[in-house]
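Numbered from 1 within each chain, the chains take letters A, B, ... in sequence-line order.
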Amino acid sequence: MLCNQSKNGCGSLLLFNISHDLCGTMMSVRTRFAPSPTGMLHIGGVRTALFSWLYARHCSGTFILRIEDTDRERSTPEAVRAILEGMQWLGLTPDEGPFYQTERYDRYHEVIERFLAQGLAYRCYCSKDELDAMRAEQQAAKQKPRYDGRCRHRQSPVAGIEPVVRFKNPAQGEVVVQDLVHGPIVFQNMELDDLIILRSDGNPTYNFCVAVDDMDMRITHVIRGDDHINNTPRQQNMLAAMGADIPIYAHLPMILGPDGAKLSKRHGAVSVLEYRDAGFLPEALLNYLGRLGWSHGDQEIFSLDEMVEFFELKDVNKSASALNPDKMAWTNQQHLMQAPQDRLAAELSIQLAGRGVDVGNCDLGLIVAAQRERAKTLAEMADNSLFFFSAPSVYEPKAAAKNLTPETADILVAARTELIALADWMPETIHRALQQLAESRGVALGKVAQPLRVAVVGSGVSPPIDQTLAILGRAEVVKRIRSAEAFIQAGMPARP
RNA sequence: GUCCCUAUCGUCUAGAGGCCUAGGACACAACCCUUUCACGGUUGCGACACGGGUUCGAAUCCCGUUAGGGACGCCA
């Protein structure tokens with residue numbers, strides 16, 4: 001499985017130079033998303049996954065999911081499940097995987113043995129106390145804390161200590177990371193130390209596993225957060241030690257909370273699934289996240305297909321960006337206005353069920369049509385649609401004070417009479433009748449519509465009154481108007 | 001502390017030396033449309049962090065300063 005390609009000094013540079021044409025031509029693009037299951041899948045992870053997925057799709061390449069669970073202390077099956085569920089909800093489904101690093105231990109140990117045999121790695125018997133002391137000393141001397149390689153030349157084991165294995169990093173020279181978003185980044189090998197690749201408990205570590213996996217999985221483009229920039233030279237050195245080609249890197253800027261601070265639990269929804277529950281459409285969330293750090297001219301709203309078509313790594317930004325909840329909601333609304341009606345009806349049904357509403361055989365499609373441009377999320381749509389399923393228990397005081405008065409009582413009666421007599425219950429018919437009623441009284445339509453609205457929905461806000469009444473059904477409307485009439489009679493003292 | 005990264009309206013961004021009097025979007029304000037709320041439309045407010053170069057010409061290239069961020073773990 002080991003790819004034993006020879007590599008000369010300028011191999012990575014050559015690879016970089018052809019990279020712009022790589023897409024769809026000579027070799028097929030392979031990207032991966034490699035989360036560690038130590039917590040929920042959050043917005044930042046999703047954005048990384050999205051860009052990897054988009055790039056693979058754009059290039060007709062392969063998108064791979066790899067679960068990096070070598071931290072056995074903190075990795076949990078629940079987190080794995082949450083990642084998988086989140087990815088599935090978003091539609092970012094992998095072409096290969098999920099692969100689990102904990103299932104590849106034989107492979108890692110094989111490479112470590114080879115490193116050891118070839119003198120590319122060595123056993124280190126330093127204790128934690130010793131290492132802590134070393135670090136403290138270095139920091140006191142205002143140096144970068146790093147392992148000084150004191151076990152490099154040790155000949156014999158230390159009794160009673162289970163050693164770790166360290167990779168022998170080159171002492172001199174420099175490593176150049178060819179990064180598609182940042183350009184070349186140069187590191188001096190002097191800055192790098194001999195990192196641990198195998199823990200004393202036998203578990204291999206992150207940087208090493210990444211290098212082995214990226215090689216074995218023939219990853220061509222490593223797309224990840226730029227908090228990994230500093231890991232890259234180490235990984236390149238290990239890749240080189242294995243004789244592997246160096247992939248092309250693209251380090252994405254971080255996503256910050258709305259206040260510009262590092263993203264944290266304080267910033268609301270931690271897991272993407274919370275966005276689902278809040279009534280976001282996956283394509284809307286992806287659209288918003290895509291526009292964070294990437295742009296295609298002035299276009300704001302993208303379908304998934306459009307993003308795939310237009311996505312280029314060269315259009316990715318270098319600087320961190322803050323989440324803007326208002327714009328995220330607006331983006332969702334734009335997609336709500338475009339999504340197929342029956343799909344929204346199904347989603348709305350779930351939201352309503354969560355509010356204890358029995359939808360019965362009501363045609364939610366009509367409600368969706370009436371509400372889709374009046375809500376930023378499906379949750380909001382559900383909240384605003386509750387009145388379709390139960391008559392108002394109270395009238396919003398301000399709206400009632402203005403619209404449910406002795407003066408409007410007789411308009412309600414007249415409207416009720418007209419509505420009962422209607423030949424059919426189509427919105428157009430209802431509209432015409434209310435229009436005529438207003439005209440016959442010499443008032444604007446609002447003078448009829450608004451009292452009716454408050455009577456029927458309990459507040460001054462709803463979709464157009466004709467649509468609202470049509471959806472509610474004649475019997476229900478008549479019943480609610482009568483209740484409002486009674487409310488006026490009971491609540492307003494008779495005049496002397 | 002050392003190394004690395006970043007810097008255009010409040011926020012997301014366009015901008016590849018003259019097209020820039022810096023464009024678009026969210027938010028905000030006003031107006032229009034209108035049966036309420038929305039949607040939509042028009043207008044307004046609002047930015048090239050600072051200082052040096054290079055150049056006939058710099059938001060754009062170079063250097064420095066400042067300010068943010070990241071890394072420095074037997075975490076990933």
For nucleotides [N] and [M], find the distance between their [atom1] atoms and express it as a whole number of Å.
N	M	atom1	answer
U43(B)	A7(B)	P	32 Å
A22(B)	U8(B)	C1'	8 Å
C63(B)	C20(B)	C1'	25 Å
C9(B)	C33(B)	C1'	29 Å
U36(B)	G18(B)	P	50 Å
C37(B)	C28(B)	P	15 Å
A29(B)	A16(B)	C1'	36 Å

Which of the following nucleotides, [options], is nearest to the side chain of [X]?
X	options	answer
Lys144(A)	A38(B), C75(B), C3(B)	C3(B)
Glu68(A)	A76(B), C72(B), A7(B)	A76(B)
Lys314(A)	A25(B), A16(B), C74(B)	A16(B)
Ile185(A)	C74(B), C5(B), U36(B)	C5(B)
Arg453(A)	A76(B), U36(B), A27(B)	U36(B)
Glu373(A)	G1(B), C39(B), C26(B)	C39(B)
Lys262(A)	A76(B), G1(B), G70(B)	G70(B)
Arg374(A)	C12(B), U36(B), A76(B)	U36(B)

Legend entry - Of Ser321(A) and Arg146(A), the one whose closest RNA chain B nucleotide lies more 5':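 The residue mapped nearer the 5' terminus is Ser321(A).
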Inset, instruction - Find which nucleotide of RNA chain B each of Ser319(A) and Gln450(A) is nearest to by heavy atoms, and output the residue with the more 5' nucleotide. - result: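 Whichever sits nearer the 5' end wins; that is Ser319(A).
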So what does [X] hit on the nucleic acid, given a heavy-atom distance under 4.0 Å: a base, only sugar-phosphate, or nothing?
X	value
Ser295(A)	sugar-phosphate
Phe187(A)	sugar-phosphate
His431(A)	base
Gln334(A)	sugar-phosphate
Leu292(A)	sugar-phosphate
Gln143(A)	base
Glu191(A)	sugar-phosphate
Arg74(A)	base
Met337(A)	sugar-phosphate
Thr70(A)	sugar-phosphate
Asn384(A)	nothing
Asp193(A)	nothing
Gln333(A)	sugar-phosphate
Gly293(A)	sugar-phosphate

Determine whether any donor atom in the side chain of [X] lies under 3.5 Å from an acceptor atom in the base of [N], or the reverse, and answer yes or no.
X	N	result
Arg291(A)	U13(B)	no
Asn324(A)	A27(B)	no
Glu300(A)	G24(B)	yes
Asp298(A)	G23(B)	yes

[N] pairs with which nucleotide, Watson-Crick or G-U wobble, both distances below 3.5 Å?
N	answer
A16(B)	none
A59(B)	none
G44(B)	C28(B)
U21(B)	none
A49(B)	U65(B)
U34(B)	none
C9(B)	none
U2(B)	A71(B)

Inset, instruction - Decide whether Tyr147(A) and Asn169(A) meet the rule of one side-chain donor and one side-chain acceptor closer than 3.5 Å. - result: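 Checked: Tyr147(A)/Asn169(A) side chains show no N/O donor-acceptor pair below 3.5 Å.
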Inset, instruction - State whether a side-chain donor-acceptor pair under 3.5 Å links Asn332(A) with Tyr288(A). - result: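 No.
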Does [N] have OP1 or OP2 sitting under 4.0 Å from an N or O in the side chain of [X]?
X	N	result
Arg199(A)	C75(B)	yes
Arg135(A)	C74(B)	yes
His228(A)	A71(B)	no
Asn317(A)	U6(B)	no

Could you state the [atom1]-[atom2] distance from [X] to [N], rounded to the nearest angstrom?
X	N	atom1	atom2	value
Gln436(A)	U35(B)	CD	P	16 Å
Trp330(A)	A38(B)	CH2	C1'	15 Å
His296(A)	A25(B)	NE2	C1'	15 Å
Leu256(A)	G68(B)	CG	P	14 Å
Leu404(A)	U36(B)	CG	P	17 Å

Is the shortest heavy-atom distance from the side chain of [X] to the side chain of [Y] under 4.5 Å?
X	Y	value
Val181(A)	Asp226(A)	no
Arg480(A)	Leu469(A)	no
Leu192(A)	Pro170(A)	no

Inset, instruction - Apply the test ring pair (Phe, Tyr, Trp, His ring centres under 6.0 Å) to residues Phe208(A) and Phe167(A): give CA-CA distance (whole Å), side-chain angles for both, the deciding distance (0.1 Å), then the verdict. - result: CA-CA 9 Å; Phe208(A) 171 74; Phe167(A) 175 69; 8.5 Å; no
Inset, instruction - Indicate, with yes or no, if the rings of Phe310(A) and Trp294(A) have centres closer together than 6.0 Å. - result: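 No, the ring of Phe310(A) stays outside the 6.0 Å limit from the ring of Trp294(A), centre to centre.
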Inset, instruction - Give a yes or no answer on whether the side chain of Arg146(A) reaches the backbone of Arg135(A) with a donor-acceptor pair at less than 3.5 Å. - result: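 Checked: no pair found.
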Legend entry - Side-chain (Gln299(A)) to main-chain (Ile301(A)) donor-acceptor, under 3.5 angstrom: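 Such a contact is found between Gln299(A) side chain and Ile301(A) backbone.
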Legend entry - Lys/Arg-Asp/Glu bridge criterion (N-O < 4.0 Å) met for Glu130(A), Arg150(A):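 Yes, this pair counts.
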